[in-house]
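Notes to accompany the following structure.
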Amino acid sequence: MKNLCSTTGLVDFHCHLDLYPNHKDLILECERLGIRTLAVTNAPAVWSRNRDLAAGAQYVRVALGLHPQLAAQRQKEIGLFEQFLSETRYVGEVGLDGSRNFRGSLNVQRRVFRQILELCAISGDKILSVHSRQAVPEVLSLLDATEFLRRDRGKIILHWFTGSLAEARRALDMGVYFSVNQRMTTTGNGRRLIEFLPTERLLTESDGPFVSYKDKPITPKAVLDTVNQISSLRRTTAKEIQSRILDNLRRLLQ
Ligand code: MN
């Protein structure tokens, strides 16, 4: 398993750095290890602080977000979202959550996510990290309805995808990318997805601190383990997977 010894060139395209008590230290660690990290945020109100802490970072980029699980409480912050959008190319965490505890707010979530897609389509060239838990068909339908991808208004990365392979197929046909985390390498559904996705649409993420290992939240450098797991599932070397993922990121950012 340990056929990778370097973190240089790792990609963590979805991590909540601001939800760790040592936020600043983790930014410094990503910088020191050269881990290309997308620090997603959950509400426009926390944007400025996140932006300021990562100002000047070479490897850490901050995304402006409005998490679907907070959409009901934070829908008024869409004005702030609009206000800050020109400050970043990165948007996330956004999307829809149809799981039991959040199903009740799906109407608000849809309205908020649609507004976000429309604002991003107007700006153009945004890169979105999208949550789609138990709402994959709804997320894809909204992308379709807004013609976001067809009109080439930006790029979509589905983070921690838990839909079916048929849904993944539909998403691939629309041109989305997938960011895969350590937890997904431990479930049957996640492993099937990792085997199924074309290498050129794969990215890695930690989704820390929401993913733990041995009761401790993982941090961005844990994507090293995920790269190793992906390589064994896909019967290739970790070096190959790592370099393909870095190529994918570069293509995404062009
Ligand atoms: Mn997340």
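Just so you know, ligand 1 is whichever comes first in the structure, and atom 1 is the first atom listed for that ligand.
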Next on the checklist: Show the nearest heavy-atom pair for residues Arg74 and Ala43, with the distance to one decimal.
Outcome noted: NH1-CB, 3.6 Å

Checklist entry - Parallel, tilted or perpendicular: which fits the ring planes of Phe178 and Phe161, with parallel below 30° and perpendicular above 60°? => result perpendicular

Item to check | Whichever hydrophobic residues join Tyr20 through chains of side-chain contacts under 4.5 Å | outcome: Leu17, Leu26, Ile27, Leu53, Val60

Item to check | Test side-chain contact (heavy atoms from CB on, under 4.5 Å) applied to Tyr177 and Ile157, Ile127, Val130, the passing residue | outcome: Ile157

Item to check | Fellow cluster residues of Leu19, listed by chain then number, with links counted only when side-chain atoms sit under 4.5 Å apart | outcome: Phe210

Checklist entry - Is any protein N, O or S atom closer than 2.8 Å to the Mn ion (ligand 1), and if so, which? => result His14 NE2, His16 NE2, Glu93 OE1, Asp207 OD1

Item to check | Remaining members of the apolar cluster that contains Tyr59, side-chain heavy atoms under 4.5 Å | outcome: none

